[in-house]
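Here the structure is laid out as structure tokens; the discussion comes afterwards.
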There are 2 protein chains.
Amino acid sequence: MGTDRFAEESGRLNDVLNAVNLLVWDSRTQMPTGGAAARGRQIATLTAIARQIATGPAMRDALAAARDEVAGEPETSRRRRAVAAMEDGVAALDRIPEMLLHEAALLKTEAQAAWVAARARSDFPAFRPYLERSFALQRRIADALGWSEHPYDALVAQYEPGMTLAKLRPLFTTLRGRLVPLMQRVLDRPPARRDFLDRDYPVDRQKAFARSLTERIGFDYAHGRLDETVHPFEISFTRDDVRITARYRPNYLPAGLFAALHEAGHGMYEQGIDPEIGRSALATDIVNLYAVGGASFGMHESQSRLLENRVGRSRRFWELNFGLLRDAFPEQLGDVSATEFWRAVNHVRPGLIRVEADELTYDLHIALRVELEAAVIAGDLAVADLPAAWAERMRADLGLEVPDDARGVLQDVHWSTGYVGSFPTYTLGNIMASQLFAAAERDPTVAAGLEAGDYMPLKLWLNRAVHRHGRSRTPEEILQAATGNGLDPEPYLAYLEAKYPLGEAG
Amino acid sequence: MGTDRFAEESGRLNDVLNAVNLLVWDSRTQMPTGGAAARGRQIATLTAIARQIATGPAMRDALAAARDEVAGEPETSRRRRAVAAMEDGVAALDRIPEMLLHEAALLKTEAQAAWVAARARSDFPAFRPYLERSFALQRRIADALGWSEHPYDALVAQYEPGMTLAKLRPLFTTLRGRLVPLMQRVLDRPPARRDFLDRDYPVDRQKAFARSLTERIGFDYAHGRLDETVHPFEISFTRDDVRITARYRPNYLPAGLFAALHEAGHGMYEQGIDPEIGRSALATDIVNLYAVGGASFGMHESQSRLLENRVGRSRRFWELNFGLLRDAFPEQLGDVSATEFWRAVNHVRPGLIRVEADELTYDLHIALRVELEAAVIAGDLAVADLPAAWAERMRADLGLEVPDDARGVLQDVHWSTGYVGSFPTYTLGNIMASQLFAAAERDPTVAAGLEAGDYMPLKLWLNRAVHRHGRSRTPEEILQAATGNGLDPEPYLAYLEAKYPLGEAG
């Protein structure tokens, strides 16, 4: 009966965390402005209740009984993995003292407000004391969680289990070594036509097109919704109710289009989790007290990047689907060809802002952040020296001068909210997306589908190889089983080097 | 420090119940169809957690300490009322055995599904066993809660504290005695013109008009929303975030219009609760484990009926506002006068269906239900004899033959979901609405506002007299303070007798 009680306690935890997810989704898509303060308290109360359930006596008793019951099962059995996930999660929650969490919650509110104000005035000195406290607190959290080689490892592992700085550094060295010269070769070519992207695109029609396109690639609207928001995100309340969002700009078509494709990739991951683990420890991120079915932040990002970039920015995709887009916007796109559109949405240009970066420069932005945040956490770089270090790296990698801190070190919200160690997962997502896509393309049914504009075979392949497992397999195990390799940047670099500079034809 | 801990525990309870309210709101306005089963589990888990908080040791300790601290305060002090409300609520929750709640939850799911199926086929015999079990269970709940004169009293008191069948019976006798002949006098007159009500009214324009009209009468959109749903309702997540809903029929204008006014009345009640009690026991219905600030179901209904009927169906209101409506629907209402519109939306005709009833016949539908449900609960009427009793009463009061049970005893969802004893609150709402409106009109500022189409003085009067108190005053205390009288049907009957038959002028 231990596993029953364990399943029941895990289910209760999952229910509470899914309710938190709804409180968050609503606050970002529906809530009237006046509701913010009360909502913050409601989220805090439910999160505290979730922590009590995870670390409470009922869970410990159930875990102890379940541990004995599953001991004879294979190491990879789902029941055993669920018990292990809860044990590891509870152990991590136990390691962080309540006081530290309390401090982190208070600092987050303060630091985020300070960041908003400092960014608006491009005033790094005003934000510096908050950033120093924020990094100091994250260092204490790293020490509480425990680490052997580098304190950064403890933070990264919250988002990407098993990942370390020692594994990340050679990855980023390889990427920089090949992306910088590739970017240079692209910049030597004349730029493609892009005038039509910022014509007047009525938002209602953008929404309708985003809905039909995401449905076409496999997002299930019987178990999901697509809404508008300021900063697009995906969130779910079990696999049966997955909410994706996009932001539409009336004078820039790609923003809403690719946001919808990106979030649909996240959403299809959650929708594809096996029903039998849909309300279990294998659909719950215990350490972060977050109801999610994806194996890690990086693996989740692999699914969004795969849909957005490997499918949505491919030449074949627009050869097959540009007609539908032109039907939706005949006045705006009547004088544009599929190839012109494809070229325009794959335009490469070094820029100061990460979230506006193209495929070739995006990982250079990440490499910079990973190196700097790891150095600060280790005490090798002072927060006061961040702007200079930032500027130096932007000059070296992207050939750009940083004109002000708003477009430099102040541009991301992450550090102010305590998300130190999450940046690597964006690049890990890119790498895994290409490994998985290369393997999927070797399946003749998938390849034929992509050639014909039928995305169901790809969806089914991803369901089988990635989605269904939820958190019962590590990213490394998923990659090994699906591709025959562990984490490997080669397919990603091979793809970029084959694609750029964009071919001549058309 | 007892009151601090008590406030903290009450606040946690309120937070959890507000999260349940959001889960409910979302399920009725946003949720994809596939999300229903998971949502049901999430609501059940959070409701169980709320019950644990209310009846748990932390609350009992905090209550014991707070009780001593407030003992020296006046009986009507808010702190003392909050402690009393929690004590009474916890005592009631304690009285109902866990097993009975479990049975009720299971039966509700089963009986509601059976009711939907039975109503569709107008098959009372198929529903009868569920209805028998449902009434039997409600009787056991009444016995568990405790009663002295009549078991029905225990059930009614869940929704209207202090109300009893002994108080209700003379009320309904008075109402029937004067409404039946009044209805007869109206039926002797030729019917008013109504052809324009079912023209083609585009739903988007109906929505925009409902939004502007509800804003005009005082609903605050910085702390609220208006959405579409199937069965309109109001629900809140504290006073700072109040959601109202309406259902629009493309070929019948009054449906959406009056639903929005009705729900805005409920919503303004919640928005008007004093901020200091917004997250306390005085904004929580402990017995029903429901986050709500209104004093009782009846008092809540008084606010919706006041806006919908006393304001929204008055001649002056349409003399002042019909121009705005005609501007919104020029093709549909170009040939209609304000007086014609007012007459049309006050059309009286006996009908079989409660939710479609007009002001004069509505309470007759309620009188029938109250008498029958009280008789069944007492064991004086068998469930099997309900259809015949229903038919007899419809014939006697409304002069109508019931052609089938779908349009008779099967029409309401209430009994299948365990809401026995809630029907009287609709009529209590009508009565209290007229008492309060008569008192408000005696305030010259309110009267001048109503004459000029300025509804802010009325809103402020209701804020002061009713809303701000939350659950810190009983309905009887609110009525006494605001009108100088306890519950009294005379102002309601005087209003109806002065209004109907509709005057000749115009």
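To find a chain, count down the sequence lines: A is the first, B the second, and so on, and within it residues start at 1.
Counting heavy-atom pairs closer than 4.5 Å to chain A, the top-ranked of the candidates Pro32(B), Ala37(B), Gly224(B) is Pro32(B). By number of non-hydrogen pairs under 4.5 angstrom with chain A, the leading residue of Gly278(B), Gly35(B), Ala222(B) is Ala222(B).
Between the CG atom in Leu22(A) and the CG atom in Leu22(B) there is a gap of 4.0 Å [rounded to 0.5 Å]. In this structure, CZ in Phe6(B) is found 5.0 Å from CG in Leu63(B), a value given to the nearest 0.5 Å.
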Donor-acceptor pairs under 3.5 Å, chain A to chain B, main chain and side chains both?
unit_1    : atom_1 : unit_2    : atom_2 : d
Asp15(A)  : OD2    : Thr45(B)  : OG1    : 2.5
Asp26(A)  : OD1    : Arg243(B) : NH1    : 3.0
Asp26(A)  : OD2    : Arg243(B) : NH2    : 2.7
Gln30(A)  : O      : Arg225(B) : NH1    : 2.8
Gln30(A)  : OE1    : Arg225(B) : NH1    : 3.3
Gln30(A)  : OE1    : Arg225(B) : NH2    : 3.0
Gly34(A)  : N      : Ala222(B) : O      : 2.8
Arg39(A)  : NH2    : Asp241(B) : OD2    : 3.2
Thr45(A)  : OG1    : Asp15(B)  : OD2    : 2.5
Ala222(A) : O      : Gly34(B)  : N      : 2.8
Arg225(A) : NH1    : Gln30(B)  : O      : 2.8
Arg225(A) : NH1    : Gln30(B)  : OE1    : 3.3
Arg225(A) : NH2    : Gln30(B)  : OE1    : 3.0
Asp241(A) : OD2    : Arg39(B)  : NH2    : 3.2
Arg243(A) : NH1    : Asp26(B)  : OD1    : 3.0
Arg243(A) : NH2    : Asp26(B)  : OD2    : 2.7

Show your reasoning for whether side chain to side chain contact (heavy atoms under 4.5 Å, CB included) applies to Leu93(B) and Leu289(B). CA-CA 9 Å; Leu93(B) 292 174; Leu289(B) 290 173; 4.2 Å; yes
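Neither the backbone nor the side chain of Ile43(B) comes within contact range of chain A; no heavy atoms are under 4.5 Å apart.
Taking the side chain as every heavy atom from C-beta outward, Leu17(A) and Val292(A) never approach each other to under 4.5 Å. Between Val242(A) and Phe237(A) the shortest side-chain heavy-atom distance does not fall below 4.5 Å.
Scanning for side-chain contact (heavy atoms from CB on, under 4.5 Å) contacts around Ala19(B) gives Leu23(A), Leu46(A), Leu46(B), with sequence neighbours left out.
Smallest separation of non-hydrogen atoms from Ala54(B) and Leu13(B): CB-CD2, 4.1 Å.
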